[in-house]
Amino acid sequence: MSDRLADTQTLIDFIRDTYAVPSAEAGLIPLHAPCFDDTEKHMVSDCIDSTFVSSVGQYVNRFEEAMADFTGAKHAVAVVNGTMGLFLAMKVVGVQPGDLVLTQSLTFVATPNAIKLCGAEPVLLDVSRKTMGLCPDSLANFLAEQTHLENGQCLHTETGRRIAACVPMHTLGFPCEIDRLVDICREHHIKLVEDAAESLGSEYRGRHTGTFGEVGVFSFNGNKILTTGGGGMLVTDDTELAAHAKHLSTTAKVPHAWHFEHDEVAYNLRMPNLNAALGVAQMQKLPAFRQQKRALAERYRTIIEKTPGLAFFDDANNDHAAASNYWLNAVLCDGAAHREAFLAFTNEQNIQTRPLWTPMHKLEIYQACLQTELPNTEWLADRVVNLPSGIPCQGAAKGGVTS
Ligand SMILES: *Cc1c(COP(=O)(O)O)cnc(C)c1O
């Protein structure tokens with residue numbers, strides 16, 4: 001084992017060099033710190049000067065337009081964070097208390113949490129080893145073996161519960177095989193909500209992730225490719241869904257110059273203008289961020305290919321259909337023991353590396369969920385380690401945010 005760790009010296013040197021932190025004593029190299037300059041300061045300051053810092057203001061509209069433009073979606077609705085974005089997306093596609101919602105066990109806890117917030121129950125499916133995203137075969141097999149169609153609805157045969165939606169996630173920015181998932185969901189009358197929280201800037205067959213399902217949801221948490229401090233965005237081509245999401249996010253207030261009429265029990269989930277100002281500034285840099293991240297991934301690949309015991313996780317695994325934003329670069333270790341040794345070795349040197357999330361079926365809060373066999377989930381969770389992946393800039397050496 002120690003020989004193998006010694007073999008990683010070129011990789012360690014490369015990371016130190018990239019982030020200009022020459023030694024462990026010189027400071028922490030965070031997993032993913034945000035990157036700001038005067039553009040952000042000017043826009044946030046302008047927003048403060050305008051006094052429109054709350055849920056109404058031009059920056060919210062501008063940020064929504066920029067996101068619709070960038071992703072190619074017809075509509076975008078800004079919200080307070082990605083988790084509530086997922087909740088709202090499921091609400092507007094019609095997820096009801098008592099429904100089942102299909103998702104992958106290998107995800108951040110926000111995905112099943114948002115399902116639970118709707119009063120629905122997550123069903124945990126397996127991921128594919130080549131994408132780390134929801135495996136189309138796992139989905140198709142579950143539907144074939146455990147469900148049937150009745151009156152145009154997909155029902156779980158044993159419990160009689162309705163399967164209302166499917167929420168695949170584009171893990172670490174690597175697009176899942178979303179076109180196959182779209183076909184399967186359509187065939188079974190299941191709404192598709194994409195958890196695209198990690199995949200802003202990732203495309204599948206030339207089309208932006210988040211735009212394949214009924215609704216896609218992005219996150220702008222501090223550790224994501226683009227940040228608004230905290231924030232999220234729904235994108236959709238469906239004009240009615242977009243209008244309903246916006247309505248539900250603003251207490252379902254019926255527009256009027258002074259009267260307070262509300263026609264649904266609703267929420268306060270709108271993104272504040274102050275956060276949107278940060279978003280508008282960050283959006284201008286997104287194409288450059290994406291390019292820089294893909295260039296960094298290319299350099300990681302070159303080094304990791306020559307490192308014994310480690311394998312680089314590549315978007316070319318996905319039939320060359322995918323173009324990842326490489327939000328977090330990932331290496332595959334030989335197994336759980338090697339993964340632990342590599343995590344300890346790097347973190348002891350003040351280089352922040354992280355394993356994947358504990359799979360949802362291993363958390364006490366979700367272990368009782370309906371689930372299939374999850375061999376690929378466990379295989380990946382035992383092996384993947386994320387490497388520092390922020391845009392190398394001044395801010396990157398100062399701190400950082402990990403969720
Ligand atoms: C970040 C993230 C979310 C939640 O986003 P927040 O803005 O932090 O609420 C949801 N799903 C996944 C997969 C994420 O990585």
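FYI, side chains are in, hydrogens and waters are out, and symmetry mates aren't considered; it's all heavy atoms of this structure. Both counts, for ligands and for their atoms, begin at 1 and track the order of listing.
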Cut-off 3.5 Å, side chains only: do Q146 and E158 have a donor facing an acceptor?
no
Measuring from atom 5 (O) of ligand 1, which candidate in A197, S219, G232, G222 has the nearest non-hydrogen atom?
S219
For residues T159 and H156, is any side-chain donor paired with an opposing acceptor at under 3.5 Å?
yes
Within ligand 1, which atoms have a heavy atom of M169 less than 4.0 Å away?
13 (C)
Closest heavy-atom approach to atom 11 (N) of ligand 1 among T228, V80, D195 is made by D195
Is there a nitrogen or oxygen of W327 sitting under 3.5 Å from a nitrogen or oxygen of ligand 1?
no
When you look for heavy atoms under 4.0 Å from ligand 1, do you find them on the side chain of K224, its backbone, both, or neither?
side chain
Side chain to side chain donor-acceptor pair (under 3.5 Å) test vs Q104 passes for just one of T377, T171, T111, namely T171
For A110, the ligand 1 atoms with a heavy-atom partner under 4.0 Å come out as 3 (C), 4 (C), 10 (C)
Pairs involving residues 110-126, ordered by first then second residue, that meet salt bridge (Lys or Arg N to Asp or Glu O under 4.0 Å) (sequence neighbours left out)
K116-E121
List every atom of ligand 1 that sits less than 4.0 Å from any heavy atom of G231, numbering the atoms from 1 in the order shown and giving each element.
7 (O)
For A76 and M233, work out which heavy atoms get closest and say how close.
CB-SD, 3.8 Å
Under a heavy-atom criterion of less than 4.0 Å, does G230 contact ligand 1?
no
Report yes or no: do T157 and H148 form a side-chain donor-acceptor pair below 3.5 Å?
yes
